[in-house]
**Q** 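Sharing a structure with you now.
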Protein chains: 2
Amino acid sequence: MVKKTLKQRIVDASVELFQQDGYHNVTVDRIVEYIGASKGGFYHNFKSKDELLYEIHDVFISYVIQQSQDAYDKYNTPITRLCAMLQTLTQVFDMYQAHITIFYEESRSLSDEYSEIIHKKRDHYRDILQKVIAEGQETKVFRTELPCTIVTMAIVGMINWTYKWFKQSGPLTMEQITDVFTDMVLRAIVTEQAMEEAKQFMIKG
Amino acid sequence: MVKKTLKQRIVDASVELFQQDGYHNVTVDRIVEYIGASKGGFYHNFKSKDELLYEIHDVFISYVIQQSQDAYDKYNTPITRLCAMLQTLTQVFDMYQAHITIFYEESRSLSDEYSEIIHKKRDHYRDILQKVIAEGQETKVFRTELPCTIVTMAIVGMINWTYKWFKQSGPLTMEQITDVFTDMVLRAIVTEQAMEEAKQFMIKG
DNA sequence: TTTTACAAACCGACTAGTCGGTATTTACTT
DNA sequence: AAGTAAATACCGACTAGTCGGTTTGTAAAA
């Protein structure tokens, strides 16, 4: 049993509260009251409320980037890499739904200094996926009629949007949803000649 | 040249300012100063800042619902209806990007009374699309292996997410993006036997 | 004369951040 | 091991500023 630091307790509580009520509706007073701490303790650990918001953003996006990169490195064909990334991303979105809600709804609340860092990391995440699509197009595994930037954003949108509607208590698990997404994406972008390889990742019908 | 009412000028200015800086970072003082009006004028036209936010939400979502319903009524097959709805929706998202940004990022700021109304309308919008998918599955035009709720949300996510990244000044127009989306969606969900009908809406390659 | 449409000064509740102080842990000396 | 000084972690009352909303005033329209 490791003793949780005050800092970690503040972050955990804030993630929960921010998700529920939004950054601007959660006061520092409420955060510290929620965990039975004080304002002094808060400002001992954070320069400002802004810095706390940044920390939450950074923990999440850094994790996503690392997971994406791992999925990329672990495989060596566009199709397997894409499937692994879809799998990984939806998994992360399942686990970190609260972080994601904050990430996408409160990023505007970040002050400029922090905003720039986060934006760069967000682009980095997208670039990893886009690279996979582009490489697949080069080897004629993915259809070249589709602009790879649009395909990338279509996939990102499809996945990211889950944070708005996915409920862990809902009728389908995230794994089942991932299978559907994977099927749809592969069918949409894989070329005729490569479809055979993709079949194993698709839903049997 | 119609004289714009103060109310309309307030709405227009607020849409612009809210999109840029977010609801909570835009004060009533700033809005009225932006258009050279006064707080008295503001509160003569709106009960509260909340009501203004609601008005912006409602104008937009009501328009989306009407457009979706029109697209549904205008055609009579699942494929043509789906294509028309994709077309319509992306068009709306092109024109109303500022409204959408507010719609999706500030809906939490709505007070409960307004929030409920907006939520119902949002569900209504989704139901129209889901109905098209379900009907297509019943007539074996769309693949029944895919749960229609997930397909619906995948499409909604793909389209909605455009508000985060689409730039009118970017390399592709919204029409071109729509063509790509339509192609991807049709390829993903149309059955073998119905693919022939869908071909005309897809990108030639 | 009454109502409408706005203007401008004003108010009070709320909140991020401060500051002086106290408890607790660490680091060093003997 | 004991003592102690310094650094670290934390507390909570207070403040300065902000912002939604109100009140009072006024000029034109009806």
Side-chain angles (χ1 to χ4, degrees), chain A residues 1-58 102 105-115, chain B residues 1-58 102 105-115:
Chain A
M1 187 55 194
V2 191
K3 205 169 70 181
K4 267 199 187 165
T5 63
L6 178 61
K7 183 165 182 173
Q8 194 55 54
R9 280 164 59 218
I10 291 174
V11 169
D12 290 347
S14 303
V15 167
E16 196 175 318
L17 294 173
F18 288 169
Q19 179 191 23
Q20 275 171 32
D21 295 346
Y23 181 69
H24 289 281
N25 298 315
V26 178
T27 63
V28 174
D29 283 320
R30 190 168 148 212
I31 294 167
V32 297
E33 195 240 321
Y34 186 76
I35 57 173
S38 71
K39 269 192 122 161
F42 182 96
Y43 282 98
H44 176 71
N45 286 283
F46 298 98
K47 264 183 18 215
S48 62
K49 198 186 168 193
D50 259 358
E51 192 184 63
L52 164 63
L53 184 61
Y54 165 71
E55 185 117 339
I56 294 170
H57 272 68
D58 193 63
I102 297 166
E105 313 227 326
E106 311 292 355
S107 63
R108 205 166 28 193
S109 303
L110 287 169
S111 53
D112 292 341
E113 42 172 345
Y114 299 128
S115 178
Chain B
M1 186 58 194
V2 191
K3 203 169 71 181
K4 267 196 186 167
T5 63
L6 178 61
K7 183 165 181 173
Q8 195 55 54
R9 282 164 58 217
I10 291 174
V11 170
D12 290 346
S14 302
V15 167
E16 196 176 319
L17 294 173
F18 288 170
Q19 180 192 23
Q20 275 170 32
D21 295 345
Y23 181 69
H24 288 281
N25 298 317
V26 178
T27 63
V28 174
D29 283 321
R30 192 169 146 211
I31 294 168
V32 296
E33 194 240 320
Y34 186 75
I35 57 173
S38 70
K39 274 183 115 164
F42 182 97
Y43 282 98
H44 177 70
N45 286 282
F46 297 97
K47 266 187 9 221
S48 63
K49 196 185 169 194
D50 258 359
E51 193 185 61
L52 164 63
L53 184 61
Y54 165 70
E55 185 116 339
I56 294 170
H57 272 68
D58 194 62
I102 296 166
E105 313 227 328
E106 310 294 355
S107 64
R108 204 168 27 194
S109 303
L110 287 169
S111 53
D112 292 342
E113 43 172 344
Y114 298 128
S115 178

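Heavy-atom basis, side chains included; hydrogens, waters and symmetry copies ignored. Chain naming here is simple, since letters A, B, ... match the order of the sequence lines and numbering starts at 1 in each.
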**Q** Residues two or more places apart in sequence or in another chain: which of them pass salt bridge (Lys or Arg N to Asp or Glu O under 4.0 Å) with Glu105(B)?
**A** Arg108(A), Lys164(B)
**Q** Could you tell me which residues satisfy ring-ring contact (aromatic ring centres under 6.0 Å, His included) with His44(B), sequence neighbours excluded, listed by chain and number?
**A** none
**Q** Among all residues two or more places apart in sequence or in another chain, which pass the side-chain hydrogen bond (donor to acceptor under 3.5 Å, both in side chains) test with Glu51(B)?
**A** none
**Q** Once salt bridge (Lys or Arg N to Asp or Glu O under 4.0 Å) is applied, do any residues pair with Asp12(B), and if so which ones, sequence neighbours excluded?
**A** Lys4(B)
**Q** Could you note down all residue pairs passing salt bridge (Lys or Arg N to Asp or Glu O under 4.0 Å) where residues 21-41 of chain B supplies at least one of them, sequence neighbours left out?
**A** Asp21(B)-Arg30(B), Asp29(B)-Lys39(B)
**Q** What string of B, S and - do you get for nucleotides 8-26 of chain D, 5' to 3', if B is base contact, S is sugar-phosphate-only contact and - is no contact with any protein heavy atom under 4.0 Å?
**A** -BBBB------SBBB----
